[in-house]
There are 2 protein chains.
Amino acid sequence: MNTRLAVATHILTFIATQGGQPATSELIASSVNTNPALVRRLLSQLAKAGLTTSQMGSGGGALLACPADQITLLDVYHAIDDNNAVFALHDQPNPQCPVGRVINTVLKGRIAAAEQAMQKQLSTTTIADMASGVAAENRKRA
Amino acid sequence: MNTRLAVATHILTFIATQGGQPATSELIASSVNTNPALVRRLLSQLAKAGLTTSQMGSGGGALLACPADQITLLDVYHAIDDNNAVFALHDQPNPQCPVGRVINTVLKGRIAAAEQAMQKQLSTTTIADMASGVAAENRKRA
DNA sequence: TATATCTGTAACAGAAATAGATACACATAT
DNA sequence: ATATGTGTATCTATTTCTGTTACAGATATA
């Protein structure tokens, strides 16, 4: 139960609202309410996944590497965690026991199905959806 | 990414294969390959959720509190964790920022949808399915 | 009744993950 | 040159998970 997906999505949504202007890690950090190093760490992972690019030096910052409507929350989910497993199988159940011997084989498929259902749902939301959702919510509150 | 769902499911599947005989925490622990106290801790949570009962004293052990085909992996998932959140929202984004002010409101619904999709999939598998899956896998290997 | 068995639960320690914070080399615009 | 800003390493505190020991209480059986 970590906040990395939430923060990474916040970061991308923030950049998407900047109209093509590079966003510094300090500016993003002030929106997220954390420190710039954490933002840069996440941006580094997003960049490796091809979701963002960074301009070094003065006047630099982070930009989206592709259109906001082509980045889904599933892309973000994959970017922030190599492992991407909600559930883990337990190590080395007893091979002498009829249940222990095969439980992980049986469980593996069921757990994978559950995680895939979640991932499929994540893929239905894009960063563009997030940005328009943010705009709509702000209008509602105005 | 913890193993509690896997171990709890293992425990229930193991009990389901015992043909109504109470299973001691030591016996279960030897199948899971962990120690009895951990098994008892999980059994305590399963009992609170109404999935198992325990017989104290000599000759005692754990039993299913309802038929195996009426216990789903979603029931197990709910039993082992009060919180049941795969993702967390980040605390206190900046209320001065148009994005930070509303991001959690927008994110909350998307994350909830993803978790619900996962839960719905978990609810399609019962402990009876697990037990028959284990039996089938053992036949395949024989 | 006495004893062995077994549960329920508390307490403690080690390992791993998460997040906050500081620091600094490197890149780049002006 | 200088200021700005990234990329990355390091350290720490906190939390979570798991393993382990310990012991009071319940119960079957001799």
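Each chain gets a letter, A, B and so on, in the order its sequence line appears, and its residues count up from 1. Keep in mind that what you see is a predicted model, and the values were worked out from it rather than measured.
- In this model, the phosphate group of D:dG5 is not approached by any side-chain N or O of A:Ser54 to a distance below 4.0 Å at OP1 or OP2.
- The nearest pair of heavy atoms linking A:Thr24 to A:Gly60 is CG2-O, 3.7 Å.
- Taking A:Thr72 as the reference, A:Asp75 meet the side-chain hydrogen bond (donor to acceptor under 3.5 Å, both in side chains) condition, with sequence neighbours excluded.
- Here A:Asp129 contributes atom CG and A:Leu73 contributes atom CG; the two are 8.0 Å apart, rounded to the nearest 0.5 Å.
- Taking atom CG of B:Leu63 as the reference point, atom P of C:dT7 lies 11 Å away to the nearest angstrom.
- Closest heavy-atom contact between A:Thr13 and A:Val134: CG2-CG2, 4.1 Å.
- Of the residues in residues 99-107 of chain B, none lies under 4.0 Å from DNA chain D by heavy-atom distance.
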Within the sub-3.5 Å range, which N or O atoms of nucleotides 9-11 of chain C have a protein N or O partner, and how far apart are they?
{"unit_1": "C:dT9", "atom_1": "OP2", "unit_2": "B:Ser44", "atom_2": "OG", "d": "3.0"}
{"unit_1": "C:dA11", "atom_1": "N6", "unit_2": "B:Arg41", "atom_2": "NH1", "d": "3.2"}

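- Screening residues 108-142 of chain B for ring-ring contact (aromatic ring centres under 6.0 Å, His included) gives no qualifying pairs among residues at least two apart or on separate chains.
- Across the protein-nucleic acid pair, B:Asn2 atom CG and D:dT15 atom C1' stand 13 Å apart, rounded to whole Å.
- If you measure from atom CG of A:Asn35 to atom P of C:dT18, you get 16 Å, rounded to the nearest angstrom.
- Pairs of residues two or more places apart, or lying in two chains, never qualify as side chain to side chain donor-acceptor pair (under 3.5 Å) while including a residue from residues 53-67 of chain B.
- As rounded to whole Å, 17 Å separates atom P of D:dC17 from atom NE2 of A:His90.
- Distance, A:Gln45 CD to C:dA17 P: 14 Å, rounded to whole Å.
- The side chain to side chain donor-acceptor pair (under 3.5 Å) pairs that include a residue from residues 30-41 of chain A are A:His10-A:Ser31, A:Ser25-A:Arg40, where partners are two or more places apart or lie in different chains.
- Residue pairs meeting the ring-ring contact (aromatic ring centres under 6.0 Å, His included) criterion with at least one member in residues 104-131 of chain A: none, sequence neighbours excluded.
- Proximity of residues 13-32 of chain B to DNA chain C (heavy atom under 4.0 angstrom from any strand atom) is restricted to B:Ala23, B:Thr24, B:Ser25.
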What pairs of donor and acceptor atoms, side-chain ones from residues 99-118 of chain B against any protein atom, are under 3.5 angstrom apart with sequence neighbours left out?
{"unit_1": "B:Arg101", "atom_1": "NE", "unit_2": "A:Asn138", "atom_2": "OD1", "d": "3.4"}
{"unit_1": "B:Arg101", "atom_1": "NH1", "unit_2": "B:Pro95", "atom_2": "O", "d": "3.4"}
{"unit_1": "B:Arg101", "atom_1": "NH2", "unit_2": "A:Asn138", "atom_2": "OD1", "d": "3.4"}
{"unit_1": "B:Asn104", "atom_1": "ND2", "unit_2": "B:His90", "atom_2": "O", "d": "3.0"}
{"unit_1": "B:Thr105", "atom_1": "OG1", "unit_2": "A:Arg141", "atom_2": "NH2", "d": "3.0"}
{"unit_1": "B:Arg110", "atom_1": "NH1", "unit_2": "A:Thr125", "atom_2": "OG1", "d": "3.1"}
{"unit_1": "B:Glu115", "atom_1": "OE2", "unit_2": "B:Val86", "atom_2": "N", "d": "2.8"}
{"unit_1": "B:Glu115", "atom_1": "OE2", "unit_2": "B:Phe87", "atom_2": "N", "d": "2.9"}

### Contact letters for nucleotides 24-30 of chain D, in which S counts primed atoms plus P, OP1 and OP2 and B counts the base, heavy atoms under 4.0 Å
-BBBS--

### Query
Does the side-chain contact (heavy atoms from CB on, under 4.5 Å) test come out yes or no for B:Cys97 and A:Phe14, once each step is laid out?
CA-CA 10 Å; B:Cys97 167; A:Phe14 184 90; 3.8 Å; yes

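- In this structure, B:Thr17 has no side-chain hydrogen bond (donor to acceptor under 3.5 Å, both in side chains) partners at least two apart in sequence or on a different chain.
- When rounded to the nearest whole Å, the span between CG of A:Leu38 and C1' of D:dT10 equals 15 Å.
- Annotation: side-chain hydrogen bond (donor to acceptor under 3.5 Å, both in side chains) contacts of B:Gln45 (sequence neighbours excluded): none.
- With rounding to whole Å, A:Leu42 atom CG is found 15 Å from D:dT6 atom C1'.
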### Task
Decide side-chain contact (heavy atoms from CB on, under 4.5 Å) for A:Leu64 and A:Leu12; before the verdict, give the C-alpha distance in whole Å, the side-chain angles of both, and the deciding distance to 0.1 Å.
CA-CA 7 Å; A:Leu64 297 186; A:Leu12 290 167; 3.6 Å; yes

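- Rounding to the nearest 0.5 Å gives a distance of 5.5 Å between OG1 of B:Thr9 and CD1 of B:Ile127.
- In this structure, CG of B:Asp91 is placed 10 Å from P of C:dA19, rounded to the nearest angstrom.
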